[in-house]
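Computed over heavy atoms, backbone and side chain alike; hydrogens, waters and symmetry mates excluded.
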Amino acid sequence: MSSAPEMVGTARPRSLTLQRGMLGIVLFVLAWEGIARGFHLPAYTLPAVSDILASIYAKRAVLLTAAGFTLTEALVGYVLGALIGIGLAIVITLIPPTRTVLLPAATAINSVPVVAYSPLILLWFGIGMGSKFVMVALAVSFTVFLSALAGFDRVDRRSVDLLRSFGAGRLAILWRLRLPTALPLIAAGLRVSTVRSLIVAIVTEMLGAYGGLGWVIYQAVLQIDFVQVWGAIFVASAASLAFFGLIGFAEKRIIFWK
């Protein structure tokens, strides 16, 4: 059982890290504002942070609607990609001969940047949300697949043999041994994929969409409104950080032994 001094000692480094992080952000924003104002930089080069925040507030309704659009695409595609990635890893683990087919095929598909598939995906699924779901799922699935497969493969062979000696089958070994062992790596893949899912959704929206932050950025560029471009980028960054934090929070609650 942890003593009170140990808990206080653990809390202090976390609090100090948070304070340093907040201070770093404040200093960065002040430096940005000072450079933009001091050198009278035009908006297309680097607008002042205060102008960006003012633009976000003025167009908050549009940006909130667009953010909801993009987050929906990212979340749905993220869930689909995670299920596909974990599912493929489970298939390879339960049926080892499939590794020689599935792993090279997945690697070949993902050896090309995901954005390169955008024209085809938009052609096949249209410029609605469906194409964004597919693109995000494609981006997320490979990352989660590799993480899950590495996690399933890292189990101690002696532990597997011990369970088999007690009559456990492949499914029982997967559930009782491989999955708990793989969870930290799966969680790491899921965390990395949060940012990737939003990036892919926004980039695909810029190529063709009815709404979303990528569509707002594209329209703002056409209108030469670079302050709004930065405003949409700020909102996208905030959404990405929130998504990343949510997955990290869930990871700490689920993988409590880590």
Side-chain angles (χ1 to χ4, degrees), residues 73-126 129-201 203-204 243-244 247-248 250-251 254-258:
E73 295 168 347
L75 284 170
V76 174
Y78 178 86
V79 172
L80 290 174
L83 291 175
I84 292 170
I86 295 172
L88 287 175
I90 289 174
V91 169
I92 288 177
T93 302
L94 293 178
I95 312 174
T98 59
R99 181 186 292 261
T100 57
V101 177
L102 293 179
L103 187 56
T107 304
I109 292 172
N110 283 272
S111 63
V112 179
V114 177
V115 179
Y117 295 108
S118 295
L120 289 175
I121 300 299
L122 290 169
L123 179 64
W124 294 339
F125 296 93
M129 281 188 165
S131 56
K132 315 308 181 294
F133 297 158
V134 174
M135 286 295 296
V136 173
L138 184 62
V140 170
S141 60
F142 187 66
T143 302
V144 177
F145 167 65
L146 290 182
S147 299
L149 189 59
F152 291 145
D153 288 344
R154 71 184 299 187
V155 298
D156 188 350
R157 176 57 57 183
R158 291 171 298 180
S159 299
V160 175
D161 293 338
L162 178 62
L163 285 177
R164 283 177 177 168
S165 68
F166 284 103
R170 289 182 179 178
L171 280 174
I173 293 172
L174 175 70
W175 178 252
R176 297 179 182 276
L177 178 62
R178 293 188 185 276
L179 185 58
T181 304
L183 277 178
L185 280 179
I186 294 174
L190 290 173
R191 268 189 283 110
V192 171
S193 298
T194 56
V195 178
R196 197 177 186 193
S197 64
L198 279 164
I199 291 173
V200 171
V203 171
T204 310
F243 192 10
F244 184 87
I247 297 300
E251 177 186 353
I254 296 172
I255 312 175
F256 55 86
W257 64 87
K258 183 178 177 183

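- Between atom CG of residue Leu174 and atom CZ of residue Phe152 there is a gap of 5.5 Å, rounded to the nearest 0.5 Å.
- Atom CZ of Arg191 and atom OG of Ser147 lie 9.5 Å apart (nearest 0.5 Å).
- For the atom pair OG (Ser141) and CG (Leu83), the distance works out to 11.0 Å, reported to the nearest 0.5 Å.
- The distance from the OG atom of Ser131 to the CD atom of Glu73 is 7.5 Å, given to the nearest 0.5 Å.
- For the atom pair Ile95 CD1 and Leu102 CG, the distance stands at 9.0 Å (nearest 0.5 Å).
- With Leu103 as reference, Leu146 is the one residue of Leu146, Thr98, Leu88 to meet the side chain to side chain contact (heavy atoms under 4.5 Å, CB included) rule.
- You'll find the side chain of Arg170 reaches within 4.5 Å of the side chain of Pro96, heavy atoms only.
- The main-chain N or O of Ile109 is found under 3.5 Å from a side-chain atom of Tyr117 such that the two form a donor-acceptor pair.
- Scored by the side-chain hydrogen bond (donor to acceptor under 3.5 Å, both in side chains) test, Asp153 finds Arg99 as partners (sequence neighbours excluded).
- Between the CD1 atom in Ile186 and the CZ atom in Phe145 there is a gap of 12.0 Å [rounded to 0.5 Å].
- Under the rule for a side-chain hydrogen bond (donor to acceptor under 3.5 Å, both in side chains), the partners of Thr143 that lie at least two apart in sequence or sit in another chain are Arg196.
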Checklist entry - Do Leu122 and Lys132 pass the side-chain contact (heavy atoms from CB on, under 4.5 Å) test, and can you show the C-alpha distance, the side-chain angles, and the key distance before you say yes or no? => result CA-CA 8 Å; Leu122 290 169; Lys132 315 308 181 294; 4.0 Å; yes

